[in-house]
2 protein chains.
Amino acid sequence: MELVQIYECLCDRTRLRIVHLLTGGPLCVCHLQEILDEPQVKVSKHLRYLKEHGMVERERQGAWMIYRLPGKPPRELRANLACLQDCAREDATFARDAKRAARLRPALAKSGPFCAC
Amino acid sequence: MELVQIYECLCDRTRLRIVHLLTGGPLCVCHLQEILDEPQVKVSKHLRYLKEHGMVERERQGAWMIYRLPGKPPRELRANLACLQDCAREDATFARDAKRAARLRPALAKSGPFCAC
DNA sequence: GACGAATATTCCCGCGCAGGTATATAAATG
DNA sequence: CATTTATATACCTGCGCGGGAATATTCGTC
């Protein structure tokens with residue numbers, strides 16, 4: 001993985017928020033959509049971008065599509081994700097995103113057929 | 001400084017190399033140009049971009065223009081620069097850039113009126 | 001002030017990306 | 001199979017960026 005590709009993935013606000021959220025664990029699209037408060041197509045397209053650039057993996061779970069960070073991230077990615085987590089701690093938007101995610105993750109664990117959105 | 005702006009500055013190969021080089025200390029444009037082996041206009045425009053985004057500062061020194069990283073970088077920038085330095089250590093291009101810079105910096109210290117290019 | 005060296009700017013082009021609208025696919029449910 | 005939910009894709013638009021060619025500016029030297 002090229003270092004510059006990591007920065008290409010992070011240089012958009014929405015993508016940056018998504019990656020930061022996935023830092024806290026996997027999420028489905030509709031949860032991301034609700035947390036970010038952005039239109040579905042926007043979230044979906046950024047997820048596609050991230051997937052095509054090796055930044056995220058996805059896995060179908062019934063009607064949901066679960067996105068997660070790579071299981072075995074290369075060293076540069078791990079370093080940058082740690083840095084991102086560190087920096088995000090002082091940012092209001094990132095903090096709010098994380099709080100919302102914490103409220104929604106239990107629903108994912110239950111893994112019912114339909115989303116709670 | 002917005003976190004995403006840092007990534008915007010680093011998401012281009014040439015800019016990434018420039019910022020990494022400045023991590024090792026200030027450099028003038030013609031030295032950057034020689035190290036990167038890129039046309040002058042390309043280097044100059046990326047430097048302009050970096051300056052307008054608060055990533056670098058510049059100072060005239062005779063005929064030269066010396067570029068450097070900000071004297072008091074905010075926390076997020078410091079963290080990301082450290083991360084970049086760490087990641088760059090394992091990359092052939094960054095290593096070669098740094099080696100070339102080490103050979104040219106003494107000329108900057110002498111600070112004659114004209115460049116040694 | 002003429003010249004050369006160092007650097008910046010202007011003008012142009014092409015491409016890729018961000019965003020939106022509408023439509024398509026896939027899965028679960030009845 | 002029809003419907004609803006979840007997600008993806010196709011198509012269009014506008015804009016900003018990367019890159020090159022040519023020109024301008026700034027500084028030092030003679």
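Reckoned from all heavy atoms, side chains included, excluding hydrogens, waters and symmetry mates. Lettering of chains follows the sequences in order, A, B, ..., and the numbering in each one begins at 1. Remember, it's a predicted structure, so these values are computed and weren't measured experimentally.
- Residue pairs satisfying the side chain to side chain donor-acceptor pair (under 3.5 Å) criterion with at least one member in residues 81-90 of chain B, sequence neighbours excluded, are listed as follows: A:Arg75-B:Asp86, A:Arg75-B:Glu90, B:Asp86-B:Arg89.
- Between the P atom of C:dA6 and the CD1 atom of B:Ile66 lies a distance of 12 Å, rounded to the nearest Å.
- In terms of the side chain to side chain contact (heavy atoms under 4.5 Å, CB included) criterion, residue partners of B:Asp97 (sequence neighbours excluded) are, by chain and number, B:Arg17, B:Leu21, B:Ile35, B:Leu36, B:Thr93.
- Contact annotation for B:Arg13: no contact, since no heavy-atom pair falls under 4.0 Å across all strands.
- The CD-P distance, from A:Glu59 to C:dA26, rounds to 18 Å in whole Å.
- We find that CG of A:Leu50 is positioned 13 Å from C1' of C:dC17, with the value rounded to whole Å.
- Rounded to an integer number of Å, the gap from A:Leu36 CG to C:dA18 P is 14 Å.
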(request) For each nucleotide in nucleotides 17-30 of chain D, reading 5' to 3', give B when a protein heavy atom comes within less than 4.0 Å of its base, S when such contact involves only the sugar-phosphate, and - otherwise. (result) SSBBB----SSSS-
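- Partners of A:Lys51 according to the side chain to side chain contact (heavy atoms under 4.5 Å, CB included) rule, which considers only residues two or more places apart in sequence or in another chain, are A:Val56, A:Arg58.
- Note: CG (A:Leu27) to C1' (D:dA6) measures 15 Å, nearest angstrom.
- Rounded to whole angstrom, the span from the CG atom of A:Leu47 across to the C1' atom of C:dA18 amounts to 15 Å.
- In this structure, A:Tyr67 places its OH atom 9 Å from P of D:dT7, rounding to the nearest Å.
- Between B:Arg100 and B:Glu34 there is no salt bridge, since none of the side-chain N atoms of the basic residue sits less than 4.0 Å from a carboxylate O of the acidic one.
- The side chain to side chain donor-acceptor pair (under 3.5 Å) test applied to B:Glu38 returns B:Lys42, not counting sequence neighbours.
- With sequence neighbours excluded, no residue forms a side chain to side chain donor-acceptor pair (under 3.5 Å) with B:Gln5.
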